[in-house]
Amino acid sequence: MTTRTQTNTLAISASHLNLTLGGKELLNNVSLDIHSGQLTTLLGPNGAGKSSLLKLLCGEIPSDADIQFFGRERSKWLKPELAKHLGMLPQNSTLSFAFTVQEVVDLGALPLALTRADTQVITQEMMEKVEVTHLSERLYPSLSGGEKQRVHFARVLTQISQTQDQKILMLDEPTSALDLAHQHNTLKLARQMADEGAAVIVVLHDLNLAAQYSDRLIVLKGGKIQADGKPWDALTESMIQNVYGHKTLVTKHPIDDYPVVYAA
């Protein structure tokens, strides 16, 4: 198994996050620090607060909470500047215009003031990485759900490609519509971004994918953190039973040193 190097740069600091929408408490006094060079996965059952936490951190949901990126309050970042450092792939990306795939990926370069030539070089690289180059002339509405997901991933990668450091990548259920090969390709790219120094936060439902690719797992239930640590520390049978209400068997992967979860 490849050794993962991590940096000590504090990328995100958030304190005492609370969120109630429509009378439902979604987050309750959540505090966390996220470091560069680390892939952190948010886990938990439906309604646990995973996506809400991601939206609160990136600013999609307005908040006066204490949230800092690289030591600077989020409110002090100008939006065009922050767009170079923070990329967010939402769970669902709504786009009804008949853009081509190439045009959708090009949208990632809009806040960056790139030349057309530079944009073409970067978008081609990102489309190759997520394996959508062959779709470049297809109209976006004609794509499958998984293809759309990969196209938007290429767009987000384009967006944060213009800075060499201080990168934050947030992915909300990026594998939900993908087949097996593309699930792993997506998470390998996220893993690569972390290994190159980015702070990566991913929302997943698959415990085994999370264990395989993550440095750190944060498990939520009812808007509260139930476990926070390395995969072996967070994915215990008792924790899974408590959070998900289902018995499991946790064992070691036959080749690599990460836990594998089986339904009991």
Side-chain angles (χ1 to χ4, degrees), residues 39 41-42 50-51 54-55 57-61 79-80 82-163 167-196 198-206 209-210 212-214:
L39 194 158
T41 295
L42 305 180
K50 306 180 299 297
S51 295
L54 214 59
K55 292 175 182 178
L57 290 174
C58 75
E60 183 176 337
I61 296 177
K79 288 185 178 180
L82 184 58
K84 298 179 182 180
H85 297 271
L86 170 62
M88 167 69 172
L89 180 65
Q91 197 174 135
N92 298 298
S93 299
T94 302
L95 182 61
S96 56
F97 295 106
F99 290 161
T100 65
V101 165
Q102 181 68 60
E103 289 170 333
V104 173
V105 179
D106 287 349
L107 293 174
L110 285 180
L112 308 179
L114 296 174
T115 66
R116 180 60 188 170
D118 287 340
T119 297
Q120 287 183 331
V121 170
I122 293 169
T123 57
Q124 287 304 307
E125 178 185 353
M126 301 310 164
M127 290 170 68
E128 288 175 7
K129 284 185 175 182
V130 304
E131 300 177 348
V132 295
T133 304
H134 65 291
L135 302 173
S136 62
E137 298 306 316
R138 285 271 302 275
L139 294 180
Y140 175 83
S142 72
L143 303 180
S144 70
E147 289 170 337
K148 290 177 179 178
Q149 206 164 29
R150 285 152 50 205
V151 168
H152 282 291
F153 190 24
R155 174 183 57 77
V156 172
L157 291 177
T158 296
Q159 179 187 325
I160 61 172
S161 66
Q162 292 308 286
T163 181
K167 292 184 181 183
I168 299 171
L169 177 63
M170 298 183 180
L171 307 174
D172 192 356
E173 296 193 33
T175 62
S176 60
L178 301 184
D179 57 42
L180 179 65
H182 287 112
Q183 285 180 0
H184 284 277
N185 186 57
T186 293
L187 293 176
K188 284 178 182 177
L189 289 173
R191 177 72 258 165
Q192 181 182 345
M193 292 285 292
D195 290 340
E196 292 173 354
V200 181
I201 311 178
V202 185
V203 172
L204 290 176
H205 277 292
D206 190 313
L209 284 176
Q212 182 174 353
Y213 289 99
S214 306

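For this chain, numbers begin at 1 and follow the sequence in order.
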Pairs involving residues 98-109, ordered by first then second residue, that meet salt bridge (charged side-chain N to carboxylate O under 4.0 Å, His left out) (sequence neighbours left out)
Asp106-Arg116

May I ask you to test the Gln124-Gln102 pair for a side-chain heavy-atom distance under 4.5 Å?
yes

For a quick check under 3.5 Å, do Gln192 and Glu196 share a side-chain donor-acceptor pair by atom type?
yes

Gap separating the CG atom of Asp195 from the NZ atom of Lys188, nearest 0.5 angstrom
13.0 Å

Could you tell me whether the side chain of Leu86 reaches within less than 4.5 Å of the side chain of Met170, counting heavy atoms only?
yes

Taking every heavy atom of Lys148 against every heavy atom of Pro141, the minimum-distance pair comes out as NZ-O, 3.9 Å

On a heavy-atom basis, which atom in Thr163 and which in Lys84 lie closest, and how many Å separate them?
CG2-O, 2.9 Å

Could you walk me through whether Glu147 and Arg138 satisfy the side-chain contact (heavy atoms from CB on, under 4.5 Å) test, starting with their C-alpha distance in whole Å, then the side-chain angles of each, then the deciding distance to 0.1 Å, before giving a yes or no?
CA-CA 11 Å; Glu147 289 170 337; Arg138 285 271 302 275; 4.0 Å; yes

Can any side-chain N or O of Thr175 pair as donor or acceptor with the backbone N or O of Leu178 at less than 3.5 Å?
no

Any side-chain heavy-atom pair from Leu209 and His184 closer than 4.5 angstrom?
yes

side-chain contact (heavy atoms from CB on, under 4.5 Å) assessment of Gln212 paired with Leu187:
CA-CA 9 Å; Gln212 182 174 353; Leu187 293 176; over 6 Å; no

Report yes if some heavy atom in the side chain of Ile201 is under 4.5 Å from a heavy atom in the side chain of Leu57; otherwise report no.
yes

Ser161 OG to Asp118 CG distance, which is reported to the nearest 0.5 Å:
9.5 Å

Which atom names give the shortest non-hydrogen contact between Ala98 and Leu139, and what distance separates them?
O-CD2, 3.5 Å

Considering residues at least two apart in sequence or located in another chain, which fulfil the side-chain contact (heavy atoms from CB on, under 4.5 Å) criterion with Gln91?
Ser51, Asp172, Glu173

If I take atom CD from residue Gln159 and atom NE2 from residue His85, how far apart are they, to the nearest 0.5 angstrom?
11.0 Å

Determine whether Asn185 and Arg150 make a side-chain contact, defined as any pair of heavy atoms from C-beta on separated by less than 4.5 Å.
no

Spacing of CD belonging to Glu128 relative to OG1 belonging to Thr123, to within rounding of 0.5 Å:
9.5 Å

Looking at Ile160 and Gly87, what are the two nearest heavy atoms and their distance?
CG2-N, 3.4 Å

Rounded to the nearest 0.5 Å, how far does CE of Met193 lie from NZ of Lys167?
4.5 Å

Between Val105 and Val151, is there a side-chain heavy-atom distance shorter than 4.5 Å?
yes

Taking the side chain as every heavy atom from C-beta outward, state whether Tyr213 and Leu204 have any pair of such atoms under 4.5 Å apart.
no

For the CD atom of Gln183 and the CD atom of Gln149, what is their distance to the nearest 0.5 Å?
9.5 Å

What are the two closest heavy atoms between Gly108 and Thr158, and how far apart are they?
C-CG2, 4.0 Å

Set of salt bridge (Lys or Arg N to Asp or Glu O under 4.0 Å) partners for Glu125, sequence neighbours left out
Lys129

Which one of Leu169, Val156, Leu189, Leu89 satisfies the side chain to side chain contact (heavy atoms under 4.5 Å, CB included) criterion with Pro174?
Leu89

Give the intermediate values and the outcome of side-chain contact (heavy atoms from CB on, under 4.5 Å) for residues Val132 and Phe153.
CA-CA 10 Å; Val132 295; Phe153 190 24; over 6 Å; no

Which heavy atom of Arg155 sits nearest to which heavy atom of Pro90, and what is that distance?
NH2-CD, 4.5 Å

